[in-house]
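Encoded as structure tokens, the structure appears first; notes follow it.
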Amino acid sequence: MKYSEYFIPTLRDVPAEAELVSHQLLLRAGFVRKLSAGVYTLLPLGWRVVQKIESVLRDEMDAIACAEMRMPTLHPREMLEETGRWNVDVVYKLQDRREAEFALGFTHEEVMTDIARRDMRSWRDLPRLLYQNQTKFRDEPRPRGGMIRTREFIMFDAYSFDRDEAGMDVSYQKLKGAYDNFFARIQLPVVTAEADGGAIGDLDNHEFMVLSESGEDTILLCPNCGYAANAERCTVLTPESVLSSAPASNGDKPLEMVSTPGARTIDEVAGLLGTSANNLVKTLIYVADGTPVAVLVRGDHEVNEIKLRRLLKAESLGLADSATVERITGAPVGFAGPVGVIGLRLIADNSLLTMRNFIAGANQADAHYVHVNLGRDFSPTEYADIRVAVAKDLCPSCRTEKLEDARGIEVGHIFKLGSKYSAPMGANYTEESGAAKPIQMGSYGIGITRLLAALIENSHDKDGIIWPVAVAPFSVIIVVTYIKDEALVKAGQELHDALRARGVDVLLDDRDERAGIKFKDADLIGIPVRVVIGKGLANGTVEIKVRKNSNSAREAPVAEAANTVVALLSDLS
RNA sequence: CGGGGCGUAGCGCAGUUGGUAGCGCGCGACGUUUGGGACGUUGAGGUCGCAGGUUCGAAUCCUGUCGCCCCGACCA
């Protein structure tokens, strides 16, 4: 491919709209252009990277006999109503001329399950693995970070269909293995973290996370045993000794009310009383399925609403509005406390068990209690793990090391679905015994377009992108330094043809530009190997350089160049 | 949806007390240059997001509206 005939609109300046490095580089290097918030065109280079990613994935799917299909983007309302997902808030809805209603596909569980219920009727049809890789549409409340969270994106989605849970577990491991291979091949380090399945499924599920400061999620990692979990999912371990023993009471100071005018937040109260947040107890009033409940956590902790929802088995859960809070506590928001709250379920986080003489709201305006103690001043209805895990918490797996935290970009999420979709949609198969049983399913998604961003966040320098060979838009760029020198042009063309003949994706920079511009662009777009045809040619050599290695430039005989490059690419893969 | 910020040439930005719009880069032409984003000459390119209003006069002041970015909520 000749650069002069291709389309790579690079930018010199950083577009003002881009904050993330990946976003800046995707725009500057001419990989994507924005059409609207969260809606992007993939330019030729961006599309090539997507295709490279897909081809590695397809290869891994072939290896486990997972078959590709193409599925509709228009999903009829009736089908989504079968699983209660027509009214999911991110669904784009539209009507046809007969006023029939459709959703733009935001995921494909239902369409897949529909195929299964039609054509997987017998135990002889199972297990089966299928996938599709298409554009999905979600009306995201807030698209962000360039390609990190968009409203229209490419998602690679595999699905497994099994007779029973044991089969589902086998399929799950198969897909997980294939994805592990995939990430290894594209040289993207990922952490496999336990995750919350959200509404997709509450069985086993894992996220593939790329550790990055720009990630949207917090991951907790154990440096000892390798355990990893999304913070929203991570269990907080409380030692048995703490759980079983009653709070000690010697040293308790007398309960005392203090004036805290205007101090509504934890920080304000702590500041006013000259103490730190971990001596405070935060009292939050939630409404679960219409019933108010009080929740207590240490001042420096956050309530984990996922855990709370599970504990309460609640369909809907949210913080009470200020009117409700005032009605229940008799005080404005910010002064709620556990002392004196009656007739309300009072759930305390386990961490309160070790707290003594703490501070809490007094249920009246501008006042807090100090020296509050469990048992004496109030008793929670129950203790439970209801807070968000944080760094320095004990690893719930090996129970010895303290967890560390990191930010992560979720590039993949795999779920055991069980019969969550097959049961309501009637996707049953006939057992050998003649009994009808719901198919046990799994779903395995990888965000392709988000991978573009994650790969760049993970691999770039001040000059631009550094693509791994497996996903680079081109493996090699040949820079002809001066195109008015026919010998240089000829040598560049010959090397280009030789590499192409050997199956190498090669870009020949034959533009009528100064060498400096070509070097800058080559670095910016991140081609892994650069060959410069220039002043060395008089001595029969060309310069070969590896993008990720700034000191790697070396001269090689022009006759050997093709061989050298092919060998180099093999080393880099 | 709440909070904050920004909409002026393709990109990055300036524009004073309101007086009819400018800089850098990029783009076209010509010449000189040619291994890390060259230089000179010259040229093209903007209903100042949109709609009202105030005013003799609005990029500038007021109201509304649309769009974009960031933080939060949300994230099937």
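Sequence lines set the chain letters: A, B, ... in the order given, protein chains first and strands last, and positions in each chain run from 1. Predicted model, so just to flag it, every value in this text is computed and none were measured.
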What about A:Tyr92 and A:Phe106, are their ring centers closer than 6.0 Å?
no
Subject >> A:Lys520 with A:Glu513: basic N within carboxylate O range, under 4.0 Å >> reply: no
From CG of A:Asp321 across to C1' of B:A73 the rounded distance in Å is 16 Å
Separation of B:G72 atom C1' from A:Glu140 atom CD, nearest Å, is 15 Å
| query | For B:C68, does OP1 or OP2 lie under 4.0 Å from any side-chain N or O of A:Ser36? | reply | yes
Whole-Å distance, A:Leu524 CG to B:G36 C1', equals 13 Å
task: Remember a base hit wins even if backbone is also touched, and classify A:Arg151 as base, sugar-phosphate or nothing at under 4.0 Å, heavy atoms.
output: nothing
Using Watson-Crick geometry (N1-N3 plus N6-O4 or O6-N4) or G-U wobble (N1-O2, O6-N3), each under 3.5 Å, B:G64 is paired with B:C50
side-chain hydrogen bond (donor to acceptor under 3.5 Å, both in side chains) filter on A:Ser160, not counting sequence neighbours, yields A:Tyr444
In whole angstroms, the gap separating P of B:A76 from CD of A:Glu216 amounts to 11 Å
Worksheet item: Under 4.0 angstrom, heavy atoms only, what part of the nucleic acid is A:Val532 near: base, sugar-phosphate, or nothing?
Response: base
Give me the distance, rounded to whole Å, that separates B:C6 from B:C48 when you measure between the C1' atoms they each carry.
14 Å
Lys/Arg N to Asp/Glu carboxylate O, A:Arg264 vs A:Glu268, below 4.0 Å: no
Taking B:G7 as the reference, what is the distance to B:U54 when you measure between their P atoms (whole Å, please)?
26 Å
Between A:Arg530 and A:Glu543, is there a side-chain N and carboxylate O pair less than 4.0 Å apart? yes
Next on the checklist: For the P atoms, the ones on B:C68 and on B:A21, what distance do you get once it is rounded to whole angstrom?
Outcome noted: 30 Å
Report, one pair per line, the protein and nucleotides 26-29 of chain B atoms (nitrogen or oxygen only) whose separation is under 3.5 Å.
unit_1: B:G26; atom_1: OP1; unit_2: A:Arg12; atom_2: NH2; d: 3.2

Checking N1-N3 plus N6-O4 or O6-N4 for Watson-Crick, or N1-O2 and O6-N3 for wobble, each under 3.5 Å, the partner of B:C1 is B:G72
Distances under 3.5 Å only, N/O to N/O: pair up the protein atoms with those of nucleotides 22-24 of chain B.
unit_1: B:G24; atom_1: N2; unit_2: A:Asp13; atom_2: OD2; d: 3.4

Nearest-nucleotide check on RNA chain B, A:Asp521 vs A:Gly145; residue mapping nearer the 5' end is A:Asp521
- Nearest-angstrom distance, P atom, B:G12 to B:C56: 38 Å
ask   = Reckon A:Arg142 has a side-chain N or O less than 4.0 Å from the OP1 or OP2 of B:A73?
value = no
By the Watson-Crick or G-U definition, both distances under 3.5 Å, B:G36 is matched with none
Mate of B:G18 across any strand shown (Watson-Crick or G-U wobble, both atom pairs under 3.5 Å) is none
**Q.** B:U8 to B:C23 separation - C1' atoms, rounded to the nearest Å
**A.** 12 Å
Legend entry - Pairwise C1' distance, B:A14 and B:U55 [rounded to whole Å]: 26 Å
Check your understanding: Looking at B:G37, does its base get a donor-acceptor pair with the side chain of A:Arg511 below 3.5 Å?
Key -> no
Applying the 3.5 Å cut-off to both distances, the Watson-Crick or G-U partner of B:U41 turns out to be B:A29
Quiz prompt | Donor/acceptor link under 3.5 angstrom from A:Asp463 side chain onto base of B:G36 | solution = no
Is A:Asp461 salt-bridged to A:Arg547, going by a charged N under 4.0 Å from an acidic O? yes
Look at the side-chain N and O atoms of A:Arg85 and state whether any lies under 4.0 Å from the OP1 or OP2 oxygen of B:A76.
-> no
Q. Base, sugar-phosphate, or nothing: which does A:Arg144 touch, judged by heavy atoms less than 4.0 Å apart?
A. base
Fill in: Rounded C1' spacing from B:C13 to B:C1 in Å
33 Å
Salt bridge (Lys or Arg N to Asp or Glu O under 4.0 Å) pairs touching residues 8-23 of chain A, sequence neighbours excluded, are A:Glu17-A:Lys34
- Task: Looking at every strand, decide which applies to A:Lys518 at a 4.0 Å heavy-atom threshold: base, sugar-phosphate, or nothing.
- Result: nothing
Presence of salt bridge, A:Asp204 and A:Lys176, under 4.0 angstrom | no
Whole-Å distance, A:Ile533 CD1 to B:G35 P, equals 15 Å
From CG of A:Asn304 across to P of B:C74 the rounded distance in Å is 11 Å
| query | How would you label the contact of A:Pro15 with the nucleic acid (heavy atoms, under 4.0 Å): base, sugar-phosphate, or nothing? | reply | sugar-phosphate
Handout entry: Any A:Arg149 side-chain N or O less than 4.0 Å from OP1/OP2 of B:C74
Key = no
For nucleotides B:G45 and B:G28, find the distance between their C1' atoms and express it as a whole number of Å.
11 Å
By side chain to side chain contact (heavy atoms under 4.5 Å, CB included), A:Asp300 pairs with (sequence neighbours left out) A:Ala277, A:Asn278, A:Arg298
Please classify the nucleic acid contact of A:Arg28 as base, sugar-phosphate, or nothing, using heavy-atom distances under 4.0 Å.
base
### Task
Scan A:Gly536 against the nucleic acid and name what it touches under 4.0 Å (heavy atoms): base, sugar-phosphate only, or nothing.
base
Rounded to whole Å, CG of A:Leu35 lies from P of B:C69 at a distance of 12 Å
Which donor-acceptor pairs under 3.5 Å do the side chains of residues 451-458 of chain A make with protein atoms, sequence neighbours left out?
unit_1: A:Glu457; atom_1: OE1; unit_2: A:Ser214; atom_2: OG; d: 3.1
unit_1: A:Glu457; atom_1: OE2; unit_2: A:Ser22; atom_2: N; d: 2.9
unit_1: A:Glu457; atom_1: OE2; unit_2: A:Ser22; atom_2: OG; d: 2.7

*asked:* Tell me whether A:Glu109 is salt-bridged to A:Lys420, with the criterion being a basic N under 4.0 Å from an acidic carboxylate O.
replied: no
If pairing means Watson-Crick or G-U wobble with both distances under 3.5 Å, then the partner of B:C23 is B:G12
Check A:Arg233 with A:Glu207, please: is the shortest side-chain N to carboxylate O separation under 4.0 Å?
no
